[in-house]
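These values consider heavy atoms only, across backbone and side chains, with no hydrogens, waters or symmetry-generated copies.
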Amino acid sequence: MTSDRPDPPAEGGRLAPGALLVVVALAGAATMVVELGAVRLLSPWFGTSSSVWTNVIGVVLAALALGYALGARLASGRDPLRTLGATLLVGALFAAWLPRLAPLVGEAFMPTGVTLDAAASLLVWGSLAAAATLFLPAATALGCAGPLAVEVLQRTRGGAAGRAGGHVLAASTLGSLAGTFGTTHVFVPSLGITRTFVLASVVLGLCAAALLAPALRGGSGRRVAGLLVVAAGLGAVLSEAGPRGRQPAESFGRELASMESALQSLRVVERGEGDERMRLLQVNESLDSFQSVWQPATGLLPPGHYYDHFALPYAWQAREDGGPPARWDVLVLGLGAGTAVRVLEGVVAKETDLVTVGIEIDPAVVELGERWFELESDGDRRVVVGGLDARSALRIGDEAYHQVIVDAYANNMEIPPHLSSVEAYAAIRERLADGGWLTVNVGGFGPDDPVVRAVAAAAAVGMESDVHVVRVPFSRNLTLFARRGGRVPRPGEAAFGPPGGPSFAGDVRSPAGAGLDALLPPLAIDGGWSTVDPEDARADAATDDTTAVEKLQLRSIRWAQERRAMLAARKDERGTGGAPVDGARDQHWLDEARRLSRERDFAGALEAAGSIGAPGPRAVARTEVVWSAGDPFRALETAIEGLGAAPDDLPLARLAVDLALVVGAARTADMRLADLRARLDAEALEGEPRAWWDREIERLGAATEEAVTRADDRDAALSRARLVSLVAAFAAAAAAAWALRQAVPAA
């Protein structure tokens with residue numbers, strides 16, 4: 001006679017039901033450590049955007065599903081208790097090695113040297129491939145635990161299978177809750193991500209030991225278990241001794257501090273010496289970006305730092321009032337380590353009482369700011385609030401501010417969606433005094449950038465006023481200016497400032513005031529300033545319900561890539577030569593254009609450049625002026641346009657190669673360098689002129705080769721990422737089909 005009852009557990013393979021449920025709970029906690037810690041392990045390379053979270057969660061869910069099906073198959077074996085212990089030991093092995101393997105995998109799919117604007121596809125495909133490579137095996141092993149535990153409990157205690165399954169699910173879920181809260185609020189902030197994974201490995205190893213100690217029989221089983229334990233221990237040691245995340249590029253200087261907060265990975269680096277020192281706060285993926293800057297003196301930063309634009313509303317207000325305001329109240333949403341406040345402290349006049357309130361969502365950033373960036377909080381004139389979201393801060397209190405600065409970013413490039421909507425800017429408008437100023441930092445590649453257009457439209461509608469989009473020279477940033485019930489002065493108006501009018505130094509009477517004058521000329525040239533009207537912006541203005549800023553951020557980077565590709569494919573079509581050529585006259589106007597550029601009168605310099613008759617020197621002059629004004633991308637376009645009329649002009653061709661390297665257009669630089677070599681070979685140059693050009697060609701060749709190598713590395717990483725993701729997708733589909741076949745017996 002046959003029986004449907006399951007086989008009893010093997011001899012020595014018993015475990016008290018309560019102890020088994022404790023093991024299940026700990027395994028559930030470790031599973032959540034792996035899932036939540038997965039994003040933090042990848043963040044130095046890919047950030048923590050919704051795309052990365054989606055990829056990691058998708059991979060973990062697919063792995064758990066595979067583990068559940070595999071565990072169900074293994075549960076029919078003679079000794080599921082020993083099998084459960086073995087799977088937990090395998091999970092411990094993977095958890096121990098993950099921090100050590102993450103840098104290798106991250107570097108494979110996001111190579112060093114890839115700039116932020118060149119990494120769009122890698123952020124999506126690379127994070128998916130890295131997640132599949134790192135976490136698919138570990139999550140699959142941990143997924144096996146549930147069905148095996150149900151089988152062990154049901155065989156040990158008897159009764160209905162649903163009762164055993166319910167108890168295992170309850171224990172696993174409670175453990176997962178503990179792992180969720182513990183990972184985010186306790187383990188990562190206090191131990192760091194590496195030691196958090198090592199802790200998970202130790203817990204899983206102890207659970208495996210508790211299960212395997214009574215179940216192992218025979219020397220071979222003990223030897224296999226011993227090898228796994230040794231391998232897990234080696235992984236833990238190597239992970240602990242290995243590098244923490246992504247190391248800073250040499251160009252960013254030396255690391256001063258690093259830490260893991262509940263929200264992100266943080267690092268402080270310093271470069272330069274003495275009064276030339278600068279400290280940078282880098283967050284998560286870093287790449288070529290930073291979030292806060294410090295220099296020994298307060299006031300304006302060197303060119304290329306958008307923080308300086310935050311001081312312009314104060315100067316414009318002083319000009320409008322005929323003298324410095326008696327008080328200037330500023331709310332900073334996205335304080336970081338306090339760069340905006342230090343810039344304002346060095347600019348405002350002694351007669352002005354500067355009062356600032358800074359909101360920073362991450363308390364750890366405030367801690368680093370106080371230690372390394374001279375961030376001060378006195379509870380009165382310098383208020384710093386850490387751990388509060390910027391949107392929530394707008395609902396607290398009723399103070400009216402003369403200026404609100406919005407500089408809230410996550411992972412260097414990601415604007416929080418709830419701070420890019422019409423409702424967000426309507427709330428900001430309510431916190432501004434009449435005539436108060438809104439100043440917003442937006443990362444983008446020009447006024448037509450998808451992200452810039454969307455944020456400017458939301459600000460225009462929410463503020464119920466024009467929004468002025470201003471390019472920040474020598475950077476990938478733009479500043480938005482708007483006022484509540486007032487008007488922002490425009491280039492060419494007396495209220496705007498020089499050229500032609502009194503300087504800010506005279507109006508503001510501050511040692512740094514004269515530096516503000518230097519911020520204005522680049523804004524006055526074509527493309528430096530544009531305006532968004534609220535009526536025209538309504539179609540593009542997103543609400544809290546419809547904002548899709550994360551999608552727009554990827555579109556922004558692809559838009560920049562398309563512009564580079566367009567430049568690489570653009571041919572030199574011969575155009576008209578322009579005015580009659582007069583060598584002495586042209587040299588005079590070329591010298592005049594360069595002189596005016598040095599004096600930062602860019603509008604006058606462009607006018608002087610237009611007076612040059614020869615097409616080559618005229619294009620060189622225009623290109624140099626636009627480059628000096630801080631817009632290398634438009635300068636490259638100007639040079640390429642000029643080559644259409646003067647294809648054999650060597651200085652212009654050299655400028656085109658240099659600018660292509662500056663903007664990261666490696667393919668364009670390579671193509672333009674080949675053209676330059678061909679044009680140089682056609683010239684009958686000898687002696688020192690030829691030697692000078694040979695040195696220039698060598699310099700440009702080395703830089704171009706390095707840029708092309710980085711581009712090739714990026715393309716290879718993208719190909720690898722797509723291949724691994726495709727293989728993982730096919731594997732998941734095959735596993736799903738196999739699991740379905742196991743769950744639904746053939747008729």
Side-chain angles (χ1 to χ4, degrees), residues 300 306-330 340 343-344 347-349 351-352 401-406 425 428-429 432-442 447 452 456 459-460 462-473 477-510 512-537 600-604 606 629-631:
L300 300 182
Y306 65 84
Y307 312 93
D308 291 348
H309 278 196
F310 296 157
L312 287 175
Y314 171 78
W316 283 325
Q317 187 69 58
R319 185 181 297 280
E320 182 179 298
D321 294 346
R327 182 179 171 111
W328 194 249
D329 291 277
V330 182
V343 168
L344 289 171
V347 168
V348 300
E351 297 89 338
T352 301
Y401 296 93
H402 299 106
Q403 182 182 7
V404 173
I405 296 171
V406 182
Y425 287 101
I428 290 173
R429 183 180 185 275
L432 283 169
D434 289 338
W437 303 75
L438 168 68
T439 318
V440 186
N441 167 49
V442 185
V452 177
M463 286 287 295
E464 302 176 13
S465 68
D466 288 348
V467 169
H468 303 274
V469 183
V470 178
R471 184 188 297 276
V472 180
N477 295 83
L478 295 96
T479 310
L480 309 184
F481 294 104
R483 293 185 76 179
R484 175 179 179 173
R487 188 174 182 278
V488 177
R490 306 186 186 196
E493 299 176 351
F496 182 77
S503 71
F504 284 146
D507 286 344
V508 182
R509 296 193 295 280
S510 166
L516 289 169
D517 293 342
L519 302 178
L520 300 179
L523 312 184
I525 68 171
D526 183 38
W529 185 286
S530 60
T531 303
V532 177
D533 180 88
E535 292 303 320
D536 296 336
R600 304 191 65 77
D601 182 1
F602 299 114
L606 285 174
D631 193 347

Beyond-backbone contact of [X] with [Y], side-chain heavy atoms, under 4.5 angstrom:
X	Y	result
L478	V470	no
V440	L438	yes
V404	V330	no
H402	L432	no
F496	L523	yes

Identify the heavy atoms of [X] and [Y] that sit nearest to each other, and give their distance.
X	Y	result
P473	A629	CB-O, 3.3 Å
V469	A456	CG2-CB, 4.1 Å
A311	L344	CA-CD2, 3.9 Å
V467	A482	CG2-CB, 4.0 Å
Q317	G435	OE1-O, 4.0 Å
G527	P447	O-CG, 4.3 Å

Can you name the residues that form a salt bridge (charged side-chain N to carboxylate O under 4.0 Å, His left out) with [X], not counting sequence neighbours?
X	answer
D526	R634
R327	D329, D353
R429	E464

Short side-chain to backbone donor-acceptor contact, [X] and [Y], under 3.5 Å:
X	Y	answer
D321	G323	no
R600	P521	no
R483	V488	no

*For the side-chain hydrogen bond (donor to acceptor under 3.5 Å, both in side chains) test, which of D631, N477, T479 pairs with R471?*
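With R471 as partner, side-chain hydrogen bond (donor to acceptor under 3.5 Å, both in side chains) holds for just one option, D631.
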_With ring pair (Phe, Tyr, Trp, His ring centres under 6.0 Å) as the criterion, how do Y401 and W437 come out once you've worked through the C-alpha distance, each side chain's angles and the decisive distance to 0.1 Å?_
CA-CA 8 Å; Y401 296 93; W437 303 75; over 10 Å; no
*Which residues satisfy the side chain to side chain donor-acceptor pair (under 3.5 Å) test with T352, sequence neighbours excluded?*
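Residues passing side chain to side chain donor-acceptor pair (under 3.5 Å) with T352: Y314.
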*Who are the side chain to side chain donor-acceptor pair (under 3.5 Å) partners of D308, not counting sequence neighbours?*
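For D308 there are no side chain to side chain donor-acceptor pair (under 3.5 Å) partners, ignoring immediate neighbours.
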*How long is the gap from CG on D601 to CD1 on I525, to the nearest 0.5 Å?*
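D601 atom CG to I525 atom CD1 measures 11.0 Å (nearest 0.5 Å).
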*Distance, nearest 0.5 Å, that separates NE2 of H309 from CD1 of I405*: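 It is 12.5 Å, given to the nearest 0.5 Å.
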*Apply the test side chain to side chain contact (heavy atoms under 4.5 Å, CB included) to residues D466 and V532: give CA-CA distance (whole Å), side-chain angles for both, the deciding distance (0.1 Å), then the verdict.*
CA-CA 6 Å; D466 288 348; V532 177; over 6 Å; no
*Apply the test side chain to side chain contact (heavy atoms under 4.5 Å, CB included) to residues V406 and N441: give CA-CA distance (whole Å), side-chain angles for both, the deciding distance (0.1 Å), then the verdict.*
CA-CA 6 Å; V406 182; N441 167 49; over 6 Å; no
*Going by the angle between their ring planes, with limits at 30° and 60°, are W529 and F481 parallel, tilted or perpendicular?*
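W529 vs F481 ring planes: parallel.
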*asked:* If you apply the rule salt bridge (Lys or Arg N to Asp or Glu O under 4.0 Å), what do you find for E320 with R487, and how did you get there?
replied: CA-CA 10 Å; E320 182 179 298; R487 188 174 182 278; over 6 Å; no
*For F310, all residues meeting ring pair (Phe, Tyr, Trp, His ring centres under 6.0 Å), sequence neighbours excluded*: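 Listed in chain order: Y306.
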*Before giving the answer on side chain to side chain contact (heavy atoms under 4.5 Å, CB included), spell out for H468 and L480 the whole-Å C-alpha distance, their side-chain angles and the decisive distance to 0.1 Å.*
CA-CA 5 Å; H468 303 274; L480 309 184; over 6 Å; no
